[in-house]
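In what follows, chains are A, B, ... by sequence order, proteins preceding strands, each numbered from 1.
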Amino acid sequence: MSVAGLEQCIAPKGWRRQPYRVRYRLPQRPHSNLNCFGEGYASSVYVSGRDIVELLSGGEMIAKALEDEGVEYIFGYPGGAVLHIYDALFKTSKVPHVLVRHEQAATHAADGYARATGKPGVVLVTSGPGATNAITGIATAYMDSIPMVVLSGQVATHLIGEDAFQETDMVGISRPIVKHSFMVRRAEDIPATIRKAFHIATTGRPGPVVIDIPKDCTRPDAKFEYHYPETVKLRSYAPAQRGHTGQIRKAAKLLLSAKRPVIYAGGGVILGESSELLTRLARKLNYPVTNTLMGLGAYPATDRQFLGMLGMHGFYEANMAMHHSDVILAVGARFDDRVTNTVARFCPGAKIIHIDIDPTSISKTVAADIPIVGPVQSVLEDLLDILDSLQEKDPKQPDTAALGRWWQQIDEWRAKHGLWTGRRYGESDRIMPQQVIESLYRVTGGDAYVTSDVGQHQMFAAQYYKFDKPRRWINSGGLGTMGFGLPAAMGVKLAFPDMEVACVTGEGSIQMNIQELSTCKQYSTPIKIINLRNNYLGMVKQWQDMQYEGRYAMSTYEDSLPDFIKLVESYGHVGIQVTRLEELDQRMEEAFAMKDRLVFLDIFIDPMEHVYPMHVAPNGAMKDMWLSKNERT
Amino acid sequence: MRRIISILLENEPGALSRVIGLFSQRGYNIETLNVAPTEDVTLSRLTLTTTGDDKTMEQITKQLNKLVDVVKLVDLSEGAHIERDLMLIKVRASGAMRDEIKRTTDIFRGQIVDVGPNTYTIQLTGTGEKLDSFVAAMAEADILEVVRSGVAGISRGEKVLRL
Ligand SMILES: Cc1cc2nc3c(=O)[nH]c(=O)nc-3n(C[C@H](O)[C@H](O)[C@H](O)COP(=O)(O)OP(=O)(O)OC[C@H]3O[C@@H](n4cnc5c(N)ncnc54)[C@H](O)[C@@H]3O)c2cc1C
Ligand SMILES: Cc1ncc(C[n+]2csc(CCOP(=O)(O)OP(=O)(O)O)c2C)c(N)n1
Ligand SMILES: [Mg+2]
């Protein structure tokens with residue numbers, strides 16, 4: 001703080017200095033061109049004895065609160081209603097700001113950052129169109145329970161309700177897709193509101209929180225005492241801290257009595273940082289594990305006990321094991337309709353134990369026999385302890401002979417139709433999409449962060465990239481948002497500049513946020529874009545092939561696609577076209593060898609390929625699948 | 001099954017819209033809704049009646065509890081409780097009907113709270129069912145207006161809904 005800027009005043013009576021929260025380490029900044037404006041706070045302060053109180057404007061309080069919250073990046077876009085905030089950031093903030101090219105991308109980038117790091121993503125947008133552009137990204141984060149704080153500008157308080165310029169009811173529009181929202185009414189409430197927002201976004205079942213801030217609350221000429229609260233008091237918000245011991249004990253007994261058990265683990269294991277505990281539990285019991293699309297990486301994919309993904313496009317062995325199981329341990333998974341197929345026919349012989357921090361996830365679609373409400377981490381710890389003591393008393397459990405037979409059955413399924421035990425896709429003179437993902441896996445040593453858009457390419461990536469670690473697979477599962485992949489990759493790369501980040505996409509999806517190639521240029525985020533080019537909205541086409549006798553209603557572009565190579569070059573990046581299988585690996589390697597360049601691999605694949613397995617619908621059970629165009633269970 | 005859910009809600013702008021939004025967003029029924037501040041100015045008390053099978057009811061209470069603005073919630077229909085709905089009903093009252101309406105009102109223990117040359121306004125409190133039967137009993141009369149507050153409810157005995 002520069003002495004010149006100190007304004008000496010008298011602190012109000014009875015005031016005590018509150019220590020700031022410990023800051024996170026700021027990332028070393030690999031990119032010299034990141035917009036990190038500020039030199040620190042040189043604004044008015046009170047000095048009273050040895051205590052110093054800062055006097056900050058609403059805008060400055062926002063900047064300072066984000067710093068005190070340990071925010072590493074703000075993703076945003078300026079406009080009238082947030083100009084005071086931007087000016088405050090410019091003058092004071094040490095938090096780098098990433099200027100996107102569309103507010104939707106700001107939310108996806110913040111979301112990608114959050115999924116990769118586990119820390120909340122932060123977004124700043126202006127009122128009206130800025131706010132509405134952010135909506136898709138907020139909904140995306142909401143559906144996948146991603147922690148995010150979105151600050152949106154609002155017209156000045158006295159204009160609210162008058163259809164003022166760029167006024168939209170952001171709190172109203174976002175209400176069904178946020179965990180909670182706040183409308184700031186008095187500037188002095190800003191620090192406490194921001195603290196609450198971060199608390200709500202990151203605890204319990206995470207989710208996005210919107211703070212709508214009228215412009216007058218950020219005025220530079222109205223200054224307030226600033227202190228960032230240490231603790232948050234919210235009488236009506238108390239997410240579960242522990243599971244019910246009695247329920248956990250029941251679950252442990254049921255688990256040990258199982259003859260055909262399956263562990264069905266989802267995104268909650270990743271959100272709850274419990275992959276290791278889950279792995280410990282599975283190994284201890286030698287039970288098979290399947291992951292949802294959101295749970296990939298929660299259990300190491302290359303482990304023998306892993307059955308692959310389950311669900312609509314899940315692995316044969318995973319869906320068969322689920323259907324024939326007698327006990328299912330569902331951990332941080334929400335029995336989504338992409339998983340269960342027809343609920344009434346779901347796993348008829350199975351007793352279900354369901355661990356989830358959110359009571360509404362339990363028995364929402366499939367009724368749980370033993371519900372356990374609590375954070376995965378503490379519940380799994382308790383479960384492991386109880387299992388230990390039960391096994392001490394009766395070492396004969398679980399029934400190893402039955403388990404042996406179960407594994408034998410699973411191995412048979414696996415050998416017959418498992419995606420990783422032999423080649424399961426067709427031969428063609430074109431590159432098969434599965435081969436591209438296998439190549440990506442090889443070239444990146446299975447250790448890249450892989451983001452994805454939505455469509456067939458997403459499913460191929462989920463099936464063929466074997467994720468051994470949590471937070472490496474970053475995709476929009478619940479909302480299925482095309483346009484997610486590129487901005488998300490940007491957010492991941494900013495968080496982990498030294499890691500490989502690949503975005504698997506399709507020519508349809510990439511065009512939904514392609515403008516972010518410009519942002520990637522500005523902030524030097526050398527990600528690798530793997531475009532599985534089939535010249536179709538492939539996932540739509542697959543359904544039209546299967547259900548509409550191949551009538552491709554609006555799933556083709558009729559030769560209107562851009563020359564992607566020229567396009568990415570015009571943004572200052574590298575484009576490589578790949579049309580022949582023989583050159584695939586080499587091109588892939590070339591791309592990843594260019595460490596400091598964004599490379600767009602435009603890979604022409606067989607446009608007729610479908611994603612299999614695929615659940616038979618309607619009225620199918622978990623076990624009912626198409627295995628290829630002419631083979632079904 | 002019909003349920004009466006009573007909620008202590010943060011008395012904050014936007015809180016009520018979250019509750020109502022939840023019902024429309026998730027396709028739950030809402031039959032009556034009554035809301036007013038309590039003796040604690042920071043809290044509103046909201047009573048709503050809804051119908052649905054057990055599974056839906058379980059989801060409704062869980063989803064309501066999940067709202068950050070919902071401080072406490074009770075399903076009154078799970079125990080002994082009192083429910084009251086207030087109705088104001090304006091009817092055409094002339095000629096022979098004037099006495100007839102007065103008699104029926106007395107039977108239902110209603111009060112005529114406003115008298116015009118050709119109209120009565122009757123106030124009646126009770127369960128929703130009682131009000132329904134009163135309206136049915138008025139079938140002969142020419143009903144001009146019906147206003148109901150929606151059910152407000154409270155548990156019987158020692159059981160209380162408070163912080
Ligand atoms: C084209 C397409 C195809 C798809 N096909 C499939 C498919 O074949 N298979 C598939 O699985 N999905 C598929 N999906 C994704 C699907 O739509 C759902 O997003 C996904 O199944 C949900 O994953 P999940 O059950 O792990 O729940 P998530 O959405 O990850 O939810 C996490 C759950 O964990 C809980 N939780 C969070 N934190 C904690 C904690 N700390 N402790 C305890 N619990 C916690 C939450 O309350 C929530 O219930 C597809 C999506 C698309 C777009
Ligand atoms: C924003 C949005 N609009 C529409 C859809 C519906 N949709 C799902 S997949 C898909 C096709 C995606 O095409 P492409 O990106 O080329 O991927 P491919 O399936 O060909 O691999 C569409 C249109 C969606 N998921 N998101
Ligand atoms: Mg395509």
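- One side chain, A:R235 or B:T42, offers a donor N or O that lies under 3.5 Å from an acceptor on the other.
- Within a 6.0 Å radius of NZ in B:K62, more than 12 heavy atoms belonging to other residues, nucleotides or ligands are found.
- At distances below 3.5 Å, not a single donor-acceptor pair connects side-chain atoms of B:K72 with backbone N or O atoms of A:S236.
- Other residues, nucleotides and ligands contribute only 12 or fewer heavy atoms inside 6.0 Å of the CD atom of A:Q241.
- Using a 4.5 Å cut-off between heavy atoms, B:E12 makes no contact with chain A at all.
- Closest of all the heavy-atom pairs between B:E58 and A:S363 is OE2-CB, 4.0 Å.
- Contact tally against chain A (heavy-atom pairs below 4.5 Å) for B:Q25, B:R26, B:R18: the top residue is B:R18.
- A 6.0 Å sphere centred on NE2 of B:H81 holds more than 12 heavy atoms belonging to other residues, nucleotides or ligands.
- Other residues, nucleotides and ligands contribute more than 12 heavy atoms inside 6.0 Å of the NZ atom of A:K215.
- Side-chain atoms of A:M183 and B:P13, non-hydrogen and from C-beta on, never get closer than 4.5 Å to each other.
- Open room surrounds CG on A:D163; 12 or fewer heavy atoms of other groups in view lie less than 6.0 Å from it.
- In this structure, the portions of A:I362 lying under 4.5 Å from any heavy atom of chain B include both its backbone and its side chain.
- Atom CZ of B:R2 is surrounded by more than 12 heavy atoms from other residues, nucleotides or ligands within 6.0 Å.
- Most heavy-atom pairs under 4.5 Å with chain B, from the set A:I200, A:V171, A:D358, A:L234: that is A:D358.
- Summarising the local packing, CD1 of B:I154 is surrounded by 12 or fewer heavy atoms from other residues, nucleotides or ligands at distances under 6.0 Å.
- Across B:D69, B:L163, B:V68, the residue that shares the most heavy-atom pairs under 4.5 angstrom with chain A is B:V68.
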